[in-house]
2 protein chains.
Amino acid sequence: MADIGARDGSSRDKILEVAEALYARRGFAGVGMREVAEAAGLGKSSLFHHFRSKVQLYLAVLERVLGRIDERLGAALASGDAPAAKLDRWTDALVDALAEQPASARLLLRALFEDEQFDTEEWPEGQAVDQRVESLLAGISRLLEEGMRAGAFRRASTPHVVQTLIGAAIYHFASGELGETLLGGPLLSAEAVRTRKAEMKAFFHEGLAARPAQSRSGDDG
Amino acid sequence: MADIGARDGSSRDKILEVAEALYARRGFAGVGMREVAEAAGLGKSSLFHHFRSKVQLYLAVLERVLGRIDERLGAALASGDAPAAKLDRWTDALVDALAEQPASARLLLRALFEDEQFDTEEWPEGQAVDQRVESLLAGISRLLEEGMRAGAFRRASTPHVVQTLIGAAIYHFASGELGETLLGGPLLSAEAVRTRKAEMKAFFHEGLAARPAQSRSGDDG
DNA sequence: GATCCCTCCGACCGATCGGTCGGGCGGCAG
DNA sequence: CTGCCGCCCGACCGATCGGTCGGAGGGATC
């Protein structure tokens, strides 16, 4: 395990909880251990009894968030439904997960950049994070490829569709003030979440719909 | 103007250039003025003759990047083509802009979070940034609404489509190692850029295609 | 030659950074 | 009662943070 004292989780969970919110808001470099400690109601030294270093605390936060999401997405893919219905459930699960834990989207988007700085050799705990990401990507990639093979989706580049799916969900819920200005209302209200699900599902239904070959080819400038 | 010495731009441009790359890689909090100065071949004090503070340097970097992109996207929308063709050109322009300046995507995605910390009252230079963003969003929103009104696109929520477009482009080019692992190759090669354009255009063509009313409604879980 | 201004610099400031250290407190086993 | 151990703390460490200050150098102007 990446931490030291995992016996009684009460303080440890509290630390992870407040650190998640803080890292989401201002990033790894922008949040000091003193601040985390104060928010958790502890002395700074106490943090180092639960996590060996700041990097390990950060990786533990990241792994917890990814774990929560990966589990839900895995469950959404576990049924035996048709690919299009599975994709709907996957989308619902991802949107729900991001909306229920508002820090998640920003944390993950930040992690996209920040944990590239942490050498896997130097911080083996990052492997757990990488595995979560890999599992998540493998799941949705498999679904898309099955759907294409079965003729439920049109032929497209699986990784590109995955990128678009992730971007559409994570960027949206990470967009904060900008997104709220654009929408003219809250991002995280029950209604806004419902709308985002519906828009995403409609969009990917149309965007992936299998249909006869079209005359159009991808011209670029 | 947000800076002090704008007469001879040579040192100033050099600072903006290296700061852009550094902020993109490690964010505002993660990059110190000493590091920027060293990368620009200057003493740290010299930075403060061009920019009053670290925040103003950051905002100037952001404004420059947004200006470059906003200009290109504005030009793509200026023609009198049909909405679908205009959207293609807009997509091409955005992808080109993000791919040609590899730091842009990450910088913008980071800015999504980081400049919410800079109070507009306290840092009036941020208004220029806000205006650039507003101009950019207004342009693409107008195009989408024109297209829907003209029947070229199906009815959908304009802000949600904008979010999906931006997410699909910016997230992709900001995804770094993760994206390259997923694609199994470079993100920024000429071929990869061409592919991303084609995939995005195909996807949004299908996703926004006007077609007879469908029986499907957005169910959610 | 004297003056001015722009650019640049090294030295320095107080504050904060991540991390260490020695010890205090309380429950639990002997 | 005694000793151990998990948890916590304040004090402290060297390093680095953003920012200031006084002055050096050089080109243009008079």
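Predicted, not measured: the structure shown is a model, and the values here were computed from it. Throughout, protein chains are lettered first and strands after them, A, B, ... in sequence-line order, and every chain is numbered starting at 1.
- Rounded to an integer number of Å, the gap from B/L22 CG to D/dG18 C1' is 16 Å.
- Between B/Y23 and B/Y58, the ring-plane angle classifies as perpendicular under the 30° and 60° cut-offs.
- Taking atom CZ of B/R52 as the reference point, atom P of D/dT20 lies 11 Å away to the nearest angstrom.
- Per the geometry, CD1 belonging to A/I15 stands 11 Å off C1' belonging to D/dC7, to the nearest Å.
- In this structure, CZ of A/F51 is placed 16 Å from P of C/dT20, rounded to the nearest angstrom.
- Applying the salt bridge (charged side-chain N to carboxylate O under 4.0 Å, His left out) rule to A/D81 yields the partners A/R89; only residues at least two apart in sequence or on another chain are considered.
- A/F28 has its ring centre no less than 6.0 Å from the ring centre of A/F113.
- Here OG of A/S135 is found 10.0 Å from CD of A/E71. Values are rounded to the nearest 0.5 Å.
- Less than 4.0 Å separates DNA chain C from at least one heavy atom of each of the following residues of residues 29-42 of chain A: A/V31, A/G32, A/M33, A/R34.
- If you take CG on A/L208 and CZ on A/F203, they are separated by 10.0 Å, rounding to the nearest 0.5 Å.
- B/E180 contributes a side-chain N or O that, together with a main-chain N or O of B/L187, makes up a donor-acceptor pair within less than 3.5 Å.
- Within the 4.0 Å cut-off from OP1 or OP2 of C/dC9, not a single side-chain nitrogen or oxygen of B/H49 is found.
- B/S46 has no side-chain polar atom (N or O) that falls below the 4.0 Å cut-off from OP1 or OP2 of C/dT7.
- Dashed line: the shortest gap from a side-chain N or O of A/S11 to OP1 or OP2 of D/dC8 is under 4.0 Å.
- Taking atom CG of B/L47 as the reference point, atom P of C/dT7 lies 13 Å away to the nearest angstrom.
- For B/H50 and C/dC6, the NE2 to C1' distance is 9 Å, given to the nearest whole Å.
- Atom NZ in B/K54 sits roughly 15 Å away from atom P in D/dT16 (whole-Å rounding).
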